[in-house]
2 protein chains.
Amino acid sequence: MPNDRLSTTFAALADPTRRAILARLTAGEATVSELAEPFEMSMPAVSKHLKVLERAGLIERGRQAQWRPCRLETAPLREIDDWLERYRRFWEASFDRLDAYLKNLQREENSSVRKK
Amino acid sequence: MPNDRLSTTFAALADPTRRAILARLTAGEATVSELAEPFEMSMPAVSKHLKVLERAGLIERGRQAQWRPCRLETAPLREIDDWLERYRRFWEASFDRLDAYLKNLQREENSSVRKK
DNA sequence: GCGATATTTAACCAAAAAGTTATTTAACGA
DNA sequence: TCGTTAAATAACTTTTTGGTTAAATATCGC
């Protein structure tokens, strides 16, 4: 919960409900009730999730009568994309991919053996 | 704190200490003490951060005598990169960038007016 | 085997996250 | 103005996070 921008953005994205809300908003604006509909949780809970997204700058809210339509704001996602840049070279070379693939295979084998 | 992979990764990245550790590891493997050195916090605290990174699959740890060298693992970052894909079209067209820029200007004007 | 070094684990604490229910605010429509 | 609908806020609870200090574990060098 540090308050620098990147931490706030990552924290906001570290919840599947909030990511689902963002995904829904790629289809266009939606009201709070519409956003809440797919989830088995109370409206105040959704309201809190929206506040987290808003404070992170991932959504903006307008006003139309008693509705507060939400829309997606991608600036913070762009910042994450920029942050990732530094790490891309570690996977973009194809030999790195192969290497990772092999390590992954190995790791999965190990863990399934352990689980037995 | 949900336990799906994306949430775990985002949560791990939502802390500046942990991101600094990852950044350090782009320069190569490092021991726990080496990683701890720049921070004003106890070793156990760093150890906990490393455990969070390890559980997220962002680092792997080896053994050399009494040292546990850590190295970067980028697979989870790749997953974030993939997740971002869906949102890229919202900022990649140049008119979107201009649009965002104008909205931003507007918002800043509004909020400074409100603050007066 | 013993002392030193590197790291983890245990036990604890304060603050924050994520949910609840009940209440309040805001705006509509008749 | 009154009832209804949409949403936010208040007050509260439980769990998680991120830190602490003190103790335990593992491995080296001798």
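All heavy atoms count here, side chains included; hydrogens, waters and symmetry mates do not. Just so you know, these numbers come straight off a predicted model, no measurement behind them. Protein chains get the first letters and strands the later ones, always in sequence-line order, with residue 1 at the start of each.
Checking A:Thr17 against B:Gln66, the closest nucleotide of DNA chain C that is more toward the 5' end is the one next to B:Gln66. Judged by closest nucleotide on DNA chain C, A:Ser42 is the one of A:Ser42 and A:Gln64 placed further toward the 5' end.
Residues B:Glu73 and B:Gly57 come closest through the heavy atom pair CB-O, 3.2 Å.
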Would you tabulate the pairs of protein nitrogen or oxygen atoms and nucleotide nitrogen or oxygen atoms of nucleotides 9-12 of chain C closer than 3.5 angstrom?
from, atom 1, to, atom 2, distance (Å)
C:dT9, OP2, B:Lys51, NZ, 2.8

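Between A:Asp15 and B:Ser7, every side-chain heavy-atom pair lies at or beyond the 4.5 Å cut-off. Proximity of A:Trp83 to B:Leu77: side-chain heavy atoms (C-beta onward) are separated by under 4.5 Å at one or more points. With contacts defined as side-chain heavy-atom distances shorter than 4.5 Å, the pair B:Ile59/B:Arg71 does not qualify. Counting heavy atoms from C-beta on, the side chains of B:Val32 and B:Trp67 never come closer than 4.5 Å.
No hydrogens or angles considered: nothing links the side chains of B:Thr26 and A:Arg89 as a donor-acceptor pair under 3.5 Å.
In this structure, the nucleotide among C:dA26, D:dT27, D:dA8 sitting nearest to the side chain of A:Arg63 is C:dA26.
If you check every strand for non-hydrogen atoms under 4.0 Å, B:Ala45 touches a base.
Between A:Met41 atom CE and C:dA18 atom C1' there is a gap of 9 Å when expressed in whole angstrom units.
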